[in-house]
Amino acid sequence: MAAPAGPSHKAAGVRCGRWVQPHPGYADRATALADALPSSSIAGPQVRLLLVATEPQLRRTGRACALLEHRHAELDRTCVAATAYAFDEPTRALLHRHGYQDLGRHLLPDGMSCWTTYRPAGRSAPARQEHQ
């Protein structure tokens, strides 16, 4: 579910923190969420990006963009596509700026809705924009 812990990464001048394993209290919830989300029906190698999370005080600072850019660089090198999920409009807009396309909106068992988005393999990174 999470990438191995390793050194911090720098992407476009924004320091990314370490990849971490989810807190044990949340691992079951994350697994249940992953099981409830639809997978992409598009054939070919791809990964599922369940969540991109930052601490509330760090939102709108470029941290989520840096995390996505770091992951996309690896995916682009290996020609692997990505499916990601947006649970709100700001996240959906973020994913669109990074080359994701909507595959559909889905209602989850708990009543929450999400958009499934897809980013084809080999997309180049978008031009970095200022964060508001």
Looking at side-chain heavy atoms only, is the closest gap between Y85 and H106 below 4.5 Å?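 Y85 does not reach H106 side chain to side chain.
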
T116 versus D102: any side-chain heavy-atom pair under 4.5 Å?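 They are not in contact (no side-chain heavy atoms under 4.5 Å apart), so the answer is no.
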
Do you know which two heavy atoms are closest between [X] and [Y], and how far apart they sit?
| X | Y | value |
| --- | --- | --- |
| G99 | P120 | O-CD, 4.0 Å |
| F87 | W115 | C-CZ3, 4.3 Å |
| L75 | A82 | CD1-CB, 3.9 Å |
| H72 | L49 | NE2-CD1, 4.5 Å |
| V47 | R71 | CG1-NH2, 3.8 Å |
| G122 | D76 | N-OD1, 3.5 Å |

Any luck finding a side-chain donor-acceptor pair between S113 and R105 under 3.5 Å?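 The answer is yes; a qualifying pair exists.
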
For residues Y100 and R92, is any side-chain donor paired with an opposing acceptor at under 3.5 Å?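 Not at all, the side chains of Y100 and R92 share no donor-acceptor pair under 3.5 Å.
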
Quick check against the 3.5 Å criterion: does H70 have a side-chain atom that pairs as donor or acceptor with the backbone of A66?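 No: the side chain of H70 does not pair with the backbone of A66.
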
Ignoring hydrogens and angles, tell me if any N or O in the side chain of D110 forms a donor-acceptor pair with the backbone of M112 under 3.5 Å.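 Present.
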
Going by the rule salt bridge (charged side-chain N to carboxylate O under 4.0 Å, His left out), which residues pair with D88 if we only count those two or more places apart in sequence or in a different chain?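 With sequence neighbours excluded, D88 shows a salt bridge (charged side-chain N to carboxylate O under 4.0 Å, His left out) to no residue whatsoever.
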
